[in-house]
Amino acid sequence: MKKTDFDEHATDYNTTLKNQLQFFEEDNGYFAEYKVKKAKQLVVHEPTNILDFGCGIGRSIPFFQKHFPAATLYGCDLSEKSLETATAQYKTAMFLSVSELDRTDIQFNLIFLAGVLHHITPDERQATMAFLKKHLTADGNLVIFEHNPYNPLTRYLVNTCPFDEDAILLKPGEIKHQMREAGIKPIACHYTLFFPQILYWLRPLENSLRFFPLGGQYVVQGSLK
């Protein structure tokens, strides 16, 4: 399986994503903001330092600025070209490579991942979780969004997406197990993104469906406490 090189997709990432998700939502920014808003609902204390781990070209950054205006924002990614794009576009956030982050002692009240773990090979995921724990404050939260492997539409979208060629989807139980192994306590887990735009009027029902395993994605929250 060829490892996805996100440097190759940095320039046309937004266009590819828009084409991929146009059935579900005309404005693909909806998904980025949805997840940031969900993270805000999950955390109890307002974070001062936020890390978007696997930030890509920084699509979530303006929504973190909007919903967490007092926080200092950081983005981290393996793709140097994506980080260059994000740095040029978003001057109020700081962007670091994984190696640069590893060399710092910065800790975060909120570490956020959206669609990142399925690009990490299964034998490297536990080390990634331990790395994230090292940068989490004692009262901090780790919030992870992933594609739901039980949802047939999600599987179709992943199988046809140019930058998901290396994707290996994982179930919520795997993330919770990896959290526990790293010393992080899973404190919430539920499914999200049930309805496409054509059924937008049903979206208020999503919270009542959160434990039904057919949402397009799911979220797992962990804490050291």
Side-chain angles (χ1 to χ4, degrees), residues 1-10 13 16-17 20 31-32 35-36 39 50-61 74-83 85-86 95-104 106-108 110-136 140-151 154-155 157-186 189 191-193 216-224:
M1 181 183 296
K2 180 185 176 183
K3 186 72 175 171
T4 300
D5 183 354
F6 279 93
D7 281 350
E8 297 176 358
H9 297 283
Y13 186 91
T16 302
L17 194 64
Q20 187 74 7
F31 298 101
K35 286 174 250 192
V36 172
I50 297 176
L51 173 65
D52 183 0
F53 186 80
C55 66
I57 61 173
R59 295 181 70 254
S60 296
I61 295 299
Y74 294 80
C76 178
D77 205 277
L78 284 172
S79 167
E80 292 183 9
K81 200 162 188 178
S82 295
L83 290 176
T85 301
F95 295 95
L96 305 168
S97 68
V98 175
S99 59
E100 287 173 333
L101 179 61
D102 191 33
R103 292 194 295 270
T104 75
I106 305 173
Q107 289 192 303
F108 304 92
L110 172 60
I111 299 179
F112 174 92
L113 288 78
V116 174
L117 289 181
H118 67 259
H119 289 295
I120 299 173
T121 58
D123 60 341
E124 295 176 326
R125 290 172 183 167
Q126 192 61 62
T128 300
M129 197 67 69
F131 176 80
L132 296 173
K133 183 204 173 183
K134 185 178 78 169
H135 291 282
L136 193 63
N141 285 267
L142 176 61
V143 176
I144 299 175
F145 287 86
E146 269 299 331
H147 295 322
N148 178 14
Y150 300 118
N151 184 298
T154 294
R155 297 192 73 92
L157 291 173
V158 169
N159 290 337
T160 57
C161 182
F163 44 74
D164 276 338
E165 290 180 335
D166 65 347
I168 301 176
L169 301 188
L170 59 165
K171 299 174 182 177
E174 181 179 340
I175 295 179
K176 290 191 284 186
H177 173 74
Q178 290 164 352
M179 281 184 174
R180 293 188 187 100
E181 288 293 303
I184 302 169
K185 180 182 177 182
C189 177
Y191 295 89
T192 65
L193 294 169
Q217 296 195 354
Y218 62 85
V219 57
V220 183
Q221 177 188 14
S223 176
L224 298 185

Legend entry - pair P149-L170: side-chain heavy atoms closer than 4.5 Å: no
Legend entry - CA sep, side-chain torsions, deciding dist, call: V158, H118, side-chain contact (heavy atoms from CB on, under 4.5 Å): CA-CA 10 Å; V158 169; H118 67 259; 5.7 Å; no
Inset, instruction - Rounded to the nearest 0.5 Å, what's the gap from CZ on F112 to CD1 on I50? Could you check? - result: 9.5 Å
Inset, instruction - State the CZ-CG distance between F108 and L142, to the nearest 0.5 angstrom. - result: 12.5 Å
Inset, instruction - Give the minimum heavy-atom separation between L96 and E100, together with the two atoms involved. - result: CA-OE1, 3.4 Å
Legend entry - Candidate pair T121 and I168, rule side-chain contact (heavy atoms from CB on, under 4.5 Å), full reasoning: CA-CA 7 Å; T121 58; I168 301 176; 5.6 Å; no
Legend entry - Side-chain (Q126) to main-chain (E181) donor-acceptor, under 3.5 angstrom: no
Inset, instruction - Decide yes or no for I184 and L224: does some side-chain heavy atom of the first lie under 4.5 Å from some side-chain heavy atom of the second? - result: yes
Inset, instruction - Quick one: closest heavy-atom pair of P172 and C189, and the distance? - result: CB-SG, 3.6 Å
Inset, instruction - May I ask you to test the L193-F145 pair for a side-chain heavy-atom distance under 4.5 Å? - result: no
Legend entry - Nearest atoms (heavy-atom pairs only) where D102 meets K134: OD1-NZ, 2.8 Å
Legend entry - Side-chain donor-acceptor contact under 3.5 Å, H147 with Q217: yes
Legend entry - Steps toward side-chain contact (heavy atoms from CB on, under 4.5 Å) verdict (I144, M129): CA-CA 11 Å; I144 299 175; M129 197 67 69; 4.0 Å; yes
Inset, instruction - Please round to the nearest 0.5 Å and tell me the distance separating atom OG of S223 and atom CG of N141. - result: 5.0 Å
Inset, instruction - Look up atom CG in L136 and atom CD1 in I111, then write down how far apart they are to the nearest 0.5 Å. - result: 4.5 Å
Legend entry - Under the side-chain contact (heavy atoms from CB on, under 4.5 Å) test, residues paired with N148 that sit two or more places apart: Y150, N151, Y191, Y218
Inset, instruction - Would you sort out whether K81 and I57 count as a side-chain contact (heavy atoms from CB on, under 4.5 Å), showing the intermediate values? - result: CA-CA 8 Å; K81 200 162 188 178; I57 61 173; over 6 Å; no
Legend entry - K133 side, atom NZ; Q178 side, atom CD - distance, nearest 0.5 Å: 14.5 Å
Inset, instruction - Using atom types as modelled and distance alone, determine if a side-chain donor or acceptor of D77 lies under 3.5 Å from a backbone N or O of L83. - result: no
Inset, instruction - Without swapping roles, check the side chain of R180 against the backbone of P186 for a donor-acceptor pair under 3.5 Å. - result: no
Legend entry - K171, NZ atom: more than 12 neighbouring heavy atoms under 6.0 Å: no
Legend entry - CG-CG distance between L101 and L51, expressed to the nearest 0.5 angstrom: 6.0 Å
